[in-house]
Amino acid sequence: MQEKETNAFAEKVENASFPISQKPWRLWPGIVLAIVLALVAYVMPRIAPDQDIFGFPLGMISAIGGAVCGLAIVVWWVFFSRARWIERLGAMLMMAVALLVTKLLAHASIAGAGRGMLIFFAAIPGVSLALIVWAVATRRLSPSVRWAALAGLILLACAPWTLLRTEGVSNTVSQYRWRWTPTAEERLLAQANDELKPLPAETTTPAASPSASPSTSPTASPSPGASVAASPSPSAAATAEKPAEWPGFRGQNRDSVIRGVRIKTDWAAAPPVEMWRKKIGPGWSSFAVRGDLLYTQEQRGEEELVACYKLSSGEPVWRHKDAVRFWESNAGAGPRATPTLHGNHVYSFGATGILNALDATNGKVIWTRNVASDTKQKVPEWGFASSPLIVNDAVIVAAASTLAAYELATGKPRWQGPSYSGGYSSPQRVTIDGVEQIVLLGGPGAISLAPADGKLLWEHKWEGASITQPAVTPDGDIIINALATSGGIGTRRLDVKQAAGKWAVEEKWTSNGLKPYFNDFVVHKGFAYGFDNNILASIDLADGKRKWKGGRYGNGQMVLLPEQDLLLVLSEEGDLALVSATTDQYKEIAKFHVLEGKTWNHPALVGDVLLVRNGEEMAAFRLTREKS
């Protein structure tokens with residue numbers, strides 16, 4: 001009897017706390033939203049991972065669409081489900097607390113990705129599905145069981161995100177790995193046993209240089225170490241005086257155009273031959289090459305390196321080290337720029353703003369500057385990415401979108417251009433109307449400065465950032481692009497002229513037929529070839545209209561062999577493809593796999609030797625030359 005009275009009392013308390021709704025729950029909208037969420041966030045990316053919808057990558061649409069559907073489920077639950085208010089608000093509180101705790105426990109690569117929003121975009125769909133499962137499966141159970149079940153389902157939805165890390169974004173999709181697995185860089189540091197092999201030397205006297213010791217400027221950045229290499233032999237010194245076959249970023253003119261080289265395109269009969277392959281630290285640097293020496297930048301632990309290797313064998317010659325590390329979750333660790341060769345010096349610009357002038361034969365420091373301090377620019381979100389440009393007796397870099405020039409011999413600051421933040425392009429040397437100038441995509445859109453004193457010549461406003469290089473048409477027009485968070489916005493042709501000492505800039509056309517993101521394009525025979533987001537495309541430079549689009553190479557890079565109307569495309573997945581640079585249609589001629597891992601770096605071609613790298617490895621391939 002007493003037990004029955006106790007149960008009756010408990011039931012009264014339960015009903016008082018959780019009054020029975022006057023109407024049955026409205027579950028069908030939540031179920032429909034859950035089905036749509038599952039299709040958008042989980043099914044579609046696996047069925048067609050490389051597809052675009054209305055010009056946007058499916059990976060991005062899935063991430064955003066999943067989060068939107070998840071939020072729609074929240075709206076349904078709070079306002080239209082007809083559940084008890086204490087259950088509506090209680091469930092929301094549990095979900096919010098779970099998401100915040102998950103962010104605190106998640107790996108830094110996930111917690112900080114997407115400006116701190118990735119974890120929410122990733123976890124909200126699963127948590128929302130957990131809410132639907134709970135609402136459908138437990139609505140007839142007692143309140144205490146229901147609350148316990150909800151807590152358990154939310155825990156199951158959030159727990160995986162505390163066990164994962166991300167290796168950044170590839171094809172707009174985060175690359176997840178188990179948290180406890182080592183990164184490629186950690187594996188390299190654990191296994192690295194490649195001893196330096198300096199060039200032959202006949203004396204231990206330091207090589208002559210304009211400045212025998214690092215700069216003592218108060219703004220100079222310390223260089224804690226460099227590989228100890230003896231002075232070069234006469235033959236090595238002679239090599240250093242030769243013009244560089246590939247002086248730096250995108251080749252001789254920073255346009256990825258390689259003249260005087262013809263290769264066989266039947267790779268079934270004459271495929272690329274691997275010369276060597278070597279593990280390398282992370283970074284998105286390309287190569288500079290002179291003689292048998294190549295130069296690149298990489299990260300190894302807490303040290304940012306400028307490294308020299310032998311072109312013929314991949315053997316390391318010297319490494320210069322700066323005790324800095326840049327890392328962000330989308331692209332990972334390491335420098336973004338490419339070294340530049342000039343004379344017997346190599347100039348490098350690190351991701352945190354360190355500008356070095358080094359002896360090209362042994363890596364000894366000539367001078368060093370901290371450009372971030374000099375220009376008072378903060379390190380941008382994705383790091384400083386400008387490759388140094390040599391103009392006469394000055395080296396010019398872009399600190400975000402602020403151009404700064406330094407004396408080649410001493411590193412003394414010469415001038416600083418208008419101060420702009422944001423932007424990841426490199427300065428481009430061009431001649432317009434007979435006037436030499438430095439053009440940079442960034443700041444208001446595009447700016448041009450006089451190389452002698454940094455005076456602003458002209459600017460063009462186009463809202464949006466840029467990571468690519470401008471191109472110059474044969475008649476002197478400038479081709480530029482801009483991008484938004486979602487990717488490239490489009491391409492624009494500018495007519496720039498000087499009259500009566502004043503510069504005038506006229507927009508000829510703007511096209512959405514070619515929308516580069518951080519993938520540079522090339523100009524050939526009146527057409528531009530590049531990436532329309534992740535798909536190769538060609539547009540007519542006369543009017544900007546697209547001629548063709550095809551071939552999914554992710555966020556790849558390319559070089560042009562103009563004598564053969566041929567593109568060498570290095571895909572994001574590490575495939576090397578030969579594509580016809582003609583206007584009739586897209587045509588892939590051959591394809592060959594060359595690298596493992598996400599590949600964003602620009603390739604370099606020196607004679608018949610192709611150099612490729614990414615954030616994990618680099619390799620050299622010999623291409624069979626076509627007999628003339």
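When a residue number appears, it is its place in the shown sequence, counting from 1. Computed over heavy atoms, backbone and side chain alike; hydrogens, waters and symmetry mates excluded.
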[Y] and [X], any side-chain heavy atoms less than 4.5 Å apart:
{"X": "L595", "Y": "E617", "answer": "yes"}
{"X": "L164", "Y": "W178", "answer": "yes"}
{"X": "L570", "Y": "T599", "answer": "yes"}
{"X": "W509", "Y": "I539", "answer": "yes"}
{"X": "R187", "Y": "K279", "answer": "no"}
{"X": "L129", "Y": "L37", "answer": "yes"}
{"X": "D520", "Y": "Q557", "answer": "yes"}
{"X": "Y176", "Y": "W161", "answer": "yes"}

Contacts satisfying salt bridge (charged side-chain N to carboxylate O under 4.0 Å, His left out) that involve residues 327-338 (not counting sequence neighbours) are E328-R336

>> Considering only residues two or more places apart or on different chains, which pairs with a residue in residues 145-160 satisfy salt bridge (charged side-chain N to carboxylate O under 4.0 Å, His left out)?
In response: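 Every salt bridge (charged side-chain N to carboxylate O under 4.0 Å, His left out) pair that includes a residue of residues 145-160, provided the two are not neighbours, is E87-R146.
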
Over 60° means perpendicular and under 30° means parallel, so tell me whether Y586 and W548 are parallel, tilted or perpendicular.
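Taking W548 first and then Y586, their aromatic rings sit tilted (interplane angle of 30° to 60°).
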
Mind checking what makes side chain to side chain contact (heavy atoms under 4.5 Å, CB included) contact with K278, not counting sequence neighbours?
->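 Here the qualifying residues are D194, W276, Y309, P316, M618.
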
| task | Please determine which of E572, E588, E573 meets the side-chain hydrogen bond (donor to acceptor under 3.5 Å, both in side chains) test together with Y553. | result |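 It is E588, the one option of E572, E588, E573 that forms the side-chain hydrogen bond (donor to acceptor under 3.5 Å, both in side chains) with Y553.
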
Got a sec: does the CH2 of W28 have more than 12 other heavy atoms crowding it under 6.0 Å?
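Atom CH2 in W28 is not crowded, with 12 or fewer foreign heavy atoms closer than 6.0 Å.
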
*Can you name the closest pair of heavy atoms from L188 and G281 and give their distance?*
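Closest pair (atom of L188, atom of G281, distance): CD2-N, 3.4 Å.
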
Review point. Of F518, F384, W382, Y517, which is the lone residue that meets ring pair (Phe, Tyr, Trp, His ring centres under 6.0 Å) with Y424?
Key: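 Filter result, single survivor: W382.
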
| query | Any Lys/Arg nitrogen of K461 or E463 sitting under 4.0 Å from an Asp/Glu carboxylate oxygen of the other? | reply |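 Salt bridge between K461 and E463, a charged N being under 4.0 Å from a carboxylate O: no.
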
Original post:
Knowing that exactly one of S466, S386, S425 qualifies, which makes a side-chain contact (heavy atoms from CB on, under 4.5 Å) with L440?
Top reply: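 Among the candidates, only S425 passes.
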
S81 vs W76, side chain to side chain contact (heavy atoms under 4.5 Å, CB included): CA-CA, chis, key distance, verdict: CA-CA 6 Å; S81 66; W76 157 78; 3.8 Å; yes

*Is the backbone of G544 close enough, under 3.5 Å, to the side chain of K508 for a donor and an acceptor to pair up by distance?*
no

| field | Full working for ring-ring contact (aromatic ring centres under 6.0 Å, His included) between W77 and W134 | value | CA-CA 12 Å; W77 175 251; W134 171 76; 5.6 Å; yes

